[in-house]
J.: 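Supplied in structure tokens, the structure appears directly below.
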Amino acid sequence: MSSYPAPRNQVPFDHYGFIDNAKAIGMVLVVLGHSRGLPDYLVTLIFSFHVPLFFFISGFLIKPGKLDVAIFRNAKKVLRTLAIPYFLFFLLAFLYWLATRNIGAKALLSAGQTWYLPIVGLFTGLESDLFVDPPLWFFPCLIMTAITYHASRKFLTLTMATCLFAVLAFVITLFWKESPYRLPLSLDSMWVALSFYAVGQYVREKDFFSNIKPGYLFLVFIIAAALLVYATGFNGKVDFANMHFGRLPALYMLTALLGIIATFAISALFPVSKISAWISKNTLTIFPVHFIFLSLIRGVMVSLHAIPSDYAYGAEWSLVSSALSILFCVPLVVFLRRLPISTARNPS
């Protein structure tokens with residue numbers, strides 16, 4: 001059985017410092033998209049590409065020589081890097097849910113639910129089952145995506161893998177019919193994620209961002225952003241986690257790629273700040289816990305009668321609560337660094 005060698009890129013890995021900006025922008029958009037009060041049109045815009053952006057970045061960050069590693073050795077490392085944080089953050093979310101399930105509005109939502117019901121979500125990995133912390137679905141999906149892509153490259157060239165997964169994803173998004181039945185561990189949505197993961201690796205290996213002048217980057221951002229807004233208006237709200245690809249699914253992948261292009265273009269225009277570097281380094285912590293902090297902030301404010309239970313959340317609330325939820329991650333990151341696990345490394 002033959003194996004295609006992974007292509008070698010002579011560009012130093014740290015050449016792509018702007019990836020920190022891209023990850024930070026993506027993370028901030030994820031938090032804003034989950035906060036209350038953000039205008040619907042902005043939520044729709046964010047959801048059109050924020051999840052594909054992270055799969056693209058994960059593929060982009062595959063280090064030279066990584067694809068030469070044996071399949072099972074790679075799978076073991078991916079599981080160690082992502083499965084441990086997945087279980088840890090699920091436990092944190094589960095304990096928070098147990099402590100607050102009978103308080104306020106949550107009491108109505110939790111009525112009739114047994115205390116152990118959330119454990120089902122831990123093993124299915126589906127957002128609908130992970131109601132204690134919905135963003136956790138991303139972890140099993142990324143695990144399966146990273147392992148599958150690595151295994152496929154033992155048999156497929158860079159171009160073959162990219163084309164195959166792109167075509168497969170387009171067909172799935174075009175013909176997928178929403179159903180209450182889903183495969184566990186995102187084994188259905190994974191095939192769409194693979195396309196963005198593969199394109200990310202392709203873009204890095206071909207070094208598309210190496211010598212683009214700032215003026216051209218700004219022009220690319222303006223054009224991609226304008227087309228993104230235009231296309232999103234046609235396709236409407238999408239939800240990758242639940243495999244809802246909008247009113248016109250044929251536009252989904254194009255819209256997501258436009259968002260990715262716009263993000264990368266604007267990211268390459270500015271130097272990496274300490275804030276963006278910190279957010280980038282700790283995305284695997286912020287991603288799962290921001291949802292808990294958003295809920296905690298809202299619950300505390302209602303309990304202290306700082307806001308009424310029927311408060312009309314607006315953009316101001318969205319911005320402040322999002323900033324606070326990220327800020328609250330700082331002490332958590334400090335604590336987690338004392339544990340023998342990593343929540344900062346990319347699985348690739």
Side-chain angles (χ1 to χ4, degrees), residues 1-16 19 22-23 26 49 51-86 125 137-173 183-210 240 252-254 256-257 260-261 264 283-284 342 344-348:
M1 185 178 294
S2 63
S3 170
Y4 288 101
R8 286 289 181 271
N9 193 332
Q10 299 303 315
V11 180
F13 192 68
D14 59 3
H15 171 75
Y16 299 107
I19 201 71
K23 289 175 69 178
F49 72 93
V51 170
L53 172 65
F54 276 99
F55 285 116
F56 180 95
I57 290 174
S58 296
F60 189 93
L61 288 175
I62 297 177
K63 297 179 180 179
K66 178 68 176 180
L67 295 173
D68 293 333
V69 176
I71 292 176
F72 289 108
R73 182 180 176 187
N74 173 73
K76 182 179 179 180
K77 182 177 181 181
V78 171
L79 286 170
R80 185 172 63 249
T81 304
L82 290 174
I84 294 177
Y86 174 63
W137 75 269
F138 183 80
F139 280 76
C141 190
L142 182 56
I143 289 171
M144 300 310 300
T145 299
I147 292 175
T148 302
Y149 180 80
H150 178 273
S152 73
R153 288 298 307 281
K154 298 297 182 181
F155 313 98
L156 301 172
T157 65
L158 173 69
T159 301
M160 289 170 62
T162 305
C163 293
L164 175 63
F165 291 133
V167 171
L168 180 61
F170 180 75
V171 171
I172 291 174
T173 57
L183 295 177
L185 304 178
S186 298
L187 289 173
D188 40 20
S189 58
M190 172 197 75
W191 299 102
V192 180
L194 267 169
S195 66
F196 298 108
Y197 194 93
V199 172
Q201 170 64 181
Y202 186 88
V203 168
R204 184 189 183 282
E205 289 292 345
K206 298 300 181 181
D207 197 25
F208 287 166
F209 285 88
S210 180
F240 188 104
Y252 175 73
M253 293 191 66
L254 173 62
L257 288 172
I260 292 169
I261 292 170
F264 264 57
T283 51
L284 284 182
S342 172
R345 293 178 298 178
N346 186 70
S348 300

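Treat the numbers as computed from the prediction; the structure is a model and nothing was measured.
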J.: Parallel under 30°, tilted from 30 to 60°, perpendicular over 60°: which one fits the rings of Phe165 and Trp191?
T.: tilted

J.: Working to the nearest 0.5 angstrom, can you tell me the gap between Lys23 NZ and Thr283 OG1?
T.: 4.0 Å

J.: To the nearest 0.5 angstrom, please state how far the CE atom of Met190 sits from the CD1 atom of Ile143.
T.: 12.5 Å

J.: Check Phe264 against Leu53 and note the closest heavy-atom contact, atom names and distance.
T.: CE1-CD1, 4.1 Å

J.: Considering all heavy atoms of both residues, which atom of Leu67 and which atom of Lys154 are nearest to each other, and what is their separation?
T.: O-NZ, 2.8 Å

J.: Say you draw a straight line from CZ of Arg204 to CG of Leu61; how long is it, rounded to the nearest 0.5 Å?
T.: 8.0 Å

J.: Minimum heavy-atom separation for Phe49 and Ala256, please, with both atom names.
T.: CB-O, 3.6 Å

J.: Nearest 0.5 Å, what's the SG-CG distance between Cys163 and Leu168?
T.: 12.5 Å

J.: Classify the ring geometry between Phe54 and Phe138 as parallel (under 30°), tilted (30 to 60°) or perpendicular (over 60°).
T.: perpendicular

J.: Looking at every non-hydrogen atom in both residues, tell me the closest pair between Thr159 and Tyr202 and how far apart they are.
T.: OG1-CE1, 3.7 Å

J.: State, yes or no, whether a side-chain contact exists between Glu205 and Ile62 at a heavy-atom distance under 4.5 Å.
T.: no

J.: Work out which heavy atom in Ala193 is nearest to a heavy atom in Phe240; give both atom names and the distance.
T.: N-CZ, 3.6 Å

J.: Testing Phe60, Phe55, Tyr149 for ring-ring contact (aromatic ring centres under 6.0 Å, His included) with Tyr197, which one passes?
T.: Tyr149

J.: Got Leu158 and Lys206 here, is their nearest side-chain heavy-atom distance under 4.5 Å?
T.: yes

J.: With the side chain counted from C-beta on, respond yes when Lys77 and Arg73 share a heavy-atom pair under 4.5 Å apart, and no when they do not.
T.: no

J.: Testing the basics here: between Ile147 and Asn74, what is the closest heavy-atom pair and its distance to 0.1 Å?
T.: CA-ND2, 4.3 Å

J.: Which residues pass the side chain to side chain contact (heavy atoms under 4.5 Å, CB included) test with Leu254, sequence neighbours left out?
T.: Leu251, Leu258

J.: Check the pair Leu187, Met144 against side-chain contact (heavy atoms from CB on, under 4.5 Å), reporting the backbone distance first and the verdict last.
T.: CA-CA 7 Å; Leu187 289 173; Met144 300 310 300; 3.6 Å; yes

J.: Which is it for Ile260 and Ile57 under the side-chain contact (heavy atoms from CB on, under 4.5 Å) test, yes or no, and what are the steps along the way?
T.: CA-CA 9 Å; Ile260 292 169; Ile57 290 174; over 6 Å; no

J.: Quick check for you: to the nearest 0.5 Å, what is the distance between Thr162 atom OG1 and Leu156 atom CG?
T.: 9.5 Å

J.: Taking Met160's backbone N and O only, do any of them form a donor-acceptor pair with Thr157's side chain (distance below 3.5 Å, no angle check)?
T.: yes

J.: Using a 3.5 Å distance criterion without hydrogens, assess whether the side chain of Thr148 forms a donor-acceptor pair with backbone atoms of Thr145.
T.: no

J.: Could you give the distance from CH2 (Trp137) to CG (Leu142), rounded to the nearest 0.5 Å?
T.: 9.5 Å

J.: Who are the side-chain hydrogen bond (donor to acceptor under 3.5 Å, both in side chains) partners of Tyr252, not counting sequence neighbours?
T.: none

